[in-house]
Amino acid sequence: MHYWLMKSEPHVFSIDDLIHSPKKTAGWEGVRNYQARNMLRDDMKKGDLVFFYHSSCTPPGIVGTAEIVREGYPDESAFDPRSAYYDPKSSPDNPRWFQVDIKFLQKFEEPFTISELRTHPQLSEMIVLRKGNRLSITPVAKKEWDFILKLVG
DNA sequence: GCCAACGTTGGC
DNA sequence: GCCAACGTTGGC
């Protein structure tokens, strides 16, 4: 069992969008970064738990949790010329980009903001807090996961 | 809107 | 394979 943090800009796909998706489940499509792709394809397993993070908004922060319900499979948005995520170098025969499906678990009553995350020494190693971090998917340590959930109550 | 950080691209 | 230029991310 592993833990993850996944960033999304809420105007593109928010935790409320996830809640309103069929079966509260959605494909995490559109990742176009190799490091994140490798995690989607190789490391994220069914049953792994996810912090859903809103970025590029006010305030940025963790807004809830979700669960991996389908492991890595080709991201079909890369095959669609009409998609904003289209990548002609990816094909069904040789897919370059992958996605997982996540299912909504809970929404926090209040976002756990990045500024609050930074106030806790127990969370100072979180990758998402590192200066210059731009990865949209990052692993979370179990003790970080437990600590945050305990604070959320 | 700014800008630091970092990934990608492409000429050589 | 180097590296400058460029594009993107994302907090502030």
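Not measured: the values here are computed from a predicted model. Here is the naming used below: chain letters follow the sequence lines, and residue numbers restart at 1 for every chain.
- Listed by residue number, the members of residues 108-122 of chain A with any heavy atom below 4.0 angstrom from DNA chain C are A:I114, A:R118.
- Grouping Ile, Leu, Val, Met, Phe, Trp and Tyr by side-chain contacts under 4.5 Å, direct or through others, puts A:F108 with A:M1, A:Y3, A:L5, A:L49, A:F51, A:Y53, A:I62, A:L105, A:F112, A:I114, A:L117, A:L123, A:M126, A:V128, A:L129, A:V140, A:W145, A:F147, A:I148, A:L149, A:L151, A:V152.
- Partners of A:S124 according to the side chain to side chain donor-acceptor pair (under 3.5 Å) rule, which considers only residues two or more places apart in sequence or in another chain, do not exist here.
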List the atom pairs, with distances to 0.1 Å, where a side-chain N or O of residues 84-95 of chain A and a protein N or O form a donor-acceptor pair under 3.5 Å, not counting sequence neighbours.
residue: A:D87; atom: OD1; partner: A:K89; partner atom: N; Å: 2.9
residue: A:D87; atom: OD2; partner: A:W97; partner atom: NE1; Å: 2.7
residue: A:S90; atom: OG; partner: A:R96; partner atom: N; Å: 2.8
residue: A:S91; atom: OG; partner: A:N94; partner atom: N; Å: 3.1

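- Residues meeting the side chain to side chain donor-acceptor pair (under 3.5 Å) test with A:E76, sequence neighbours left out: none.
- The side chain to side chain donor-acceptor pair (under 3.5 Å) search around A:D42 returns none, not counting sequence neighbours.
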In the 5'-to-3' direction, what one-character label does each nucleotide of nucleotides 1-6 of chain C receive under the scheme B = base within less than 4.0 Å of a protein heavy atom, S = sugar-phosphate only, - = no such atom?
------
Identify each atom pair where a protein N or O and an N or O of nucleotides 7-9 of chain B are less than 3.5 Å apart, giving names and distance.
none

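- Applying the side chain to side chain donor-acceptor pair (under 3.5 Å) rule to A:K143 yields no partners; only residues at least two apart in sequence or on another chain are considered.
- Chaining together hydrophobic side chains whose heavy atoms lie under 4.5 Å apart leaves A:V69 on its own.
- Between A:F52 and A:H54, the angle of the ring planes goes over 60°, which puts this pair in the perpendicular group of the 30/60° scheme.
- A:D43 is linked by a salt bridge (charged side-chain N to carboxylate O under 4.0 Å, His left out) to nothing, counting only residues two or more places apart in sequence or in another chain.
- With sequence neighbours left out, A:K103 forms a salt bridge (charged side-chain N to carboxylate O under 4.0 Å, His left out) with no residue at all.
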